[in-house]
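Read through the structure below, which is laid out as structure tokens, and then see the notes.
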There are 2 protein chains.
Amino acid sequence: MTDGQVRVLLAEDQGMVREALAALLSLEGDLDVVAQVSRGDAVAAAVVEHGIDVAVLDIEMPGMTGIDACAEIRRVRPQTKVVIATTFGRPGYLRRAMESGADAFLVKDAPAAELAEAIRRVLRGEKVIDPTLAAAALSEGANPLTGRERDVLAAAADGSVNADIAARLHLSEGTVRNYLSMAIQKTAARNRAEAVRVAREKGWL
Amino acid sequence: MTDGQVRVLLAEDQGMVREALAALLSLEGDLDVVAQVSRGDAVAAAVVEHGIDVAVLDIEMPGMTGIDACAEIRRVRPQTKVVIATTFGRPGYLRRAMESGADAFLVKDAPAAELAEAIRRVLRGEKVIDPTLAAAALSEGANPLTGRERDVLAAAADGSVNADIAARLHLSEGTVRNYLSMAIQKTAARNRAEAVRVAREKGWL
DNA sequence: GTGCACCCGTGACATCCGTCATGCGGACGT
DNA sequence: ACGTCCGCATGACGGATGTCACGGGTGCAC
């Protein structure tokens, strides 16, 4: 590879999308996609092995989320810049991505040119965030759910009945009801299904 | 454009992915991406306007699904070939895509090379389908839900209570309960949330 | 024209769910 | 040492949900 080229890693589980993004970035003369992975838990090792300058991470991936992978990169190779590119522009995702030390947060709705642009800007030490999303994330405040409330709500997400949830979390059925009741109130929902939907949208799960 | 070039349309709502796929296909010498749209309801007009040879359609798009757009293409310009490329390899999607007259069905998990390959094969008159998915779609059988059962289940999907669903569909609350009960039995679920999940997985919604 | 499947409705019943009050123990901050 | 928050639990209550039996209407196929 030529000297001065930016060494980029792409992490994205959908092969077609990943390779397409690689093709796109390769059209930029100064960028070199030297590694591609399809699993979150393969990111950190690849970053170290290839001496990556910028890692572009999807959030939803098998093995580990892009957000957790970002935190891992921060531990093993702090000088690597991280760009999170995701389908869902949920404020909760943005907040958690920033807490994990991400340098940029993009939604895939955006034009493709923004990706290359974001890579160059994070290399200059800038942070890149959609202003609309930033405002939404700030106005939303922190996650009001306690740890256990989150557990129970997450366990209820697939349509399990109380008895199942209780068994899975080693709780009594009444306790499950109580936690769910709390979660429903805090999400301003009318039942567990709505609570799950709201919590997901806000990134509280 | 050079004579003999294949005129391709890309329909995909995520700008970054759409433009990346365009970049990828442009690397193939014989393909020419002459049109890009981000909404399902813009597909048919673009196909006619640009005299498209092959339309590559995502399923989940604003305005109209790729499956419905495929049916529209069949009406307005039958000689155009249609490739459905989707994130979710749900058997129900495959079945409905085929019923709408699609020539190929790809999941975005697949390697990028398959897309160009599929485009060339449908131009030769072949059908392109993942054998695993085809088997799953066949073994699953047809959608057992009646029209109204689907409506009610879909209306319940966001966590609405019975009264809401009844009002939205102009039904009595008891009728909503009955339809939901049927849907729950047919999906072998224990409550509406599980029924929604199962129906989604099987592509019955 | 006689089934049959679908649509829509009612009423009754058992169960599940959501809420509230209340209790106890542990962790944490002041 | 005290208050506060969290985790976990129980019991009781009303309302929502799921099931069943039953009815009537429509349209379609044999």
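The chains referred to below are lettered A, B, ... by the order of the sequence lines, with proteins before strands, and numbering in each begins at 1. If you're wondering where the values come from, they're calculated on a predicted model, not measured in any experiment. Side chains included, hydrogens not; waters and symmetry mates left out as well; all remaining heavy atoms used.
Between B/D58 and B/L10 there is no side-chain heavy-atom pair separated by less than 4.5 Å.
Cation-pi geometry between B/R96 and B/Y93 is not satisfied (NZ or CZ under 6.0 Å from the ring centre, within 45° of the ring normal).
Side-chain N/O atoms of A/N178 and base N/O atoms of C/dT22 include no donor-acceptor pair closer than 3.5 Å.
The phosphate of D/dT17 (OP1 or OP2) has a side-chain N or O of B/N162 nearer than 4.0 angstrom. In this structure, A/T146 does not reach the D/dC5 phosphate: none of its side-chain N or O atoms is under 4.0 Å from OP1 or OP2. Of the side-chain N and O atoms in A/R192, one or more sit less than 4.0 angstrom from OP1 or OP2 of C/dG18. Here B/S181 reaches the OP1 or OP2 of D/dT19: one of its side-chain N or O atoms lies under 4.0 Å away.
Nucleotide D/dA16 holds its P atom 16 Å from the CZ atom of A/R177, rounded to whole Å. Atom CD in B/E173 sits about 10 Å away from atom P in C/dT10, given to the nearest Å. When rounded to the nearest whole Å, the span between OH of B/Y179 and C1' of C/dT10 equals 14 Å.
Checked by atom type, the side-chain pair B/N162/B/R192 shows a donor-acceptor distance below 3.5 Å.
Here D/dC8 is the nucleotide among D/dC8, D/dT19, D/dG18 with the atom lying nearest to any side-chain atom of A/T175.
Residue B/R148 is in sugar-phosphate contact alone, with no base atom involved, counting any heavy-atom pair closer than 4.0 Å across all strands shown.
If B/V161 and A/G174 are placed on DNA chain D by their nearest nucleotide, the residue sitting closer to the 5' end is A/G174.
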Side-chain polar contacts of residues 62-70 of chain B - donor-acceptor pairs under 3.5 angstrom, sequence neighbours left out - could you list them?
residue	atom	partner	partner atom	Å
B/T65	OG1	B/I67	N	3.4
B/T65	OG1	B/D68	N	3.1
B/T65	OG1	B/D68	OD2	3.4

